[in-house]
Protein chains: 2
Amino acid sequence: MEATRWLDEHQDRAWRGYRRMRRLLDLELARELTQDAGLSEPDYDVLSDLSETPQGRLRLSELADRMLWSRSRLSHHLTRMQQRGLVTREECPDDARGAIVVLTPAGRDAIEAAAPGHVTAVRQHFLDLLTPAEVEALGAFTHRVVDHLARSRAPRPRRGRQA
Amino acid sequence: MEATRWLDEHQDRAWRGYRRMRRLLDLELARELTQDAGLSEPDYDVLSDLSETPQGRLRLSELADRMLWSRSRLSHHLTRMQQRGLVTREECPDDARGAIVVLTPAGRDAIEAAAPGHVTAVRQHFLDLLTPAEVEALGAFTHRVVDHLARSRAPRPRRGRQA
DNA sequence: GCGAATTCGTTGACATGTCATCGACCGTAG
DNA sequence: CTACGGTCGATGACATGTCAACGAATTCGC
């Protein structure tokens, strides 16, 4: 077994900063979201993804895939959001197993009320503190990392035993 | 009320990339950590912070502050880790209310066994995919954001009504 | 078509995190 | 010394996330 390559000074600083920023940013964004709009971050994400579709409707599995959530988690969460009147479930005409998640008018109102404040908070506590070059770099390397991870977790596209 | 400034194309790309990377990276790192070392990420973080102190012992509140966890969350988590033999609690001589969290030999073994693989995974799925300039930029802006957030959440250092 | 294997979404049990509250203890003002 | 406000850590109730299993429906191989 190889000798472990530990992080050098720069990498260590970056990794610690990344984790600490993540945590603080989450706490602050969640705090403001709850206070100003009565939504949790997961609530916001669900509503946001739904509202980005033309009809405000998505197949449950499609939504779960976009959010990188398990179907189980999404199903549980939708049940709770449904009780608050933010979304509804409809039957899927194509596939009798399926469920379609639908944004209710109240859900639409909620996301539209929450979005401006949330975007402002994201700017204020994060994006506006970065130079344009840093924003550019962030966009570049995050997508690079995402592609890399997506490739390694993706089920082999077709044909062939994996693992 | 002001017109909301939405994110421009670059910011939107960066923000989406950031969130997606976070999620995928978490999933992958947690998966490997569980599989290879039988630890969750929170477990690893607790053990890691403890092992970085000279004696492997920290006051509970001190550990909670470093990790940005609530005392309650840490107390619950320690109870579970204690049952697995990774840590112990000792009385605090200075302050009879206090508790000192102590890394057990088994806990030390666990973190030492887990660390090489974890660091390798962090490199492989993240840091090694970044150029040195990107690592530098990441270190710079994350610390800038952390300072900004820490300032806004910090109780006013001394003297004076806040809020 | 037909049957086996797979996918879909739900469910219940359980693990984890949050929040409010508590008893114990500390520090300080008087 | 003592009373009082604040801190410390634990706890129980509850919200949320994970995991395995299920019934129902679809798809694939023949």
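We name chains A, B, ... by the order of the sequence lines, and we start the count at 1 in each one.
- Screening residues 102-120 of chain B for salt bridge (Lys or Arg N to Asp or Glu O under 4.0 Å), with sequence neighbours left out, gives no hits.
- In this structure Phe141(B) satisfies the ring-ring contact (aromatic ring centres under 6.0 Å, His included) test with no other residue, sequence neighbours excluded.
- Taking the 5' to 3' direction, DNA chain C first and last meets chain B under 4.0 angstrom from a heavy atom at dT16(C) to dC26(C).
- Not counting sequence neighbours, His76(A) has no partner by the ring-ring contact (aromatic ring centres under 6.0 Å, His included) test.
- In this structure Arg13(B) satisfies the salt bridge (Lys or Arg N to Asp or Glu O under 4.0 Å) test with no other residue, sequence neighbours excluded.
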With a 3.5 Å cut-off and sequence neighbours excluded, list the donor-acceptor pairs that the side chains of residues 64-73 of chain A form with protein atoms.
from, atom 1, to, atom 2, distance (Å)
Arg66(A), NE, Glu62(A), OE2, 2.9
Arg66(A), NH2, Glu62(A), OE2, 3.4
Ser70(A), OG, Arg73(A), N, 2.9

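- Think of Val102(B) as one node in a network of Ile, Leu, Val, Met, Phe, Trp and Tyr side chains linked at under 4.5 Å; its network also takes in Ile100(B).
- Between Ala96(B) and Ser70(B), it is Ser70(B) whose nearest contact on DNA chain C lies nearer the 5' terminus.
- Side-chain polar atoms of Gln124(A) and His148(B) form no donor-acceptor pair below 3.5 angstrom.
- Residues of residues 29-45 of chain B having a heavy atom closer than 4.0 Å to DNA chain C, listed by number: Pro42(B).
- Looking at residues two or more places apart in sequence or on another chain, you find no side chain to side chain donor-acceptor pair (under 3.5 Å) involving Thr88(A).
- The side chain to side chain donor-acceptor pair (under 3.5 Å) search around Arg123(B) returns Gln11(A), Asp128(B), not counting sequence neighbours.
- For His143(B), the side chain to side chain donor-acceptor pair (under 3.5 Å) criterion is met by no residue, not counting sequence neighbours.
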Subject >> Annotated protein contacts, base or backbone, on nucleotides 8-13 of chain D with a non-hydrogen cut-off under 4.0 Å, one of B, S, - each >> reply: SSBBB-

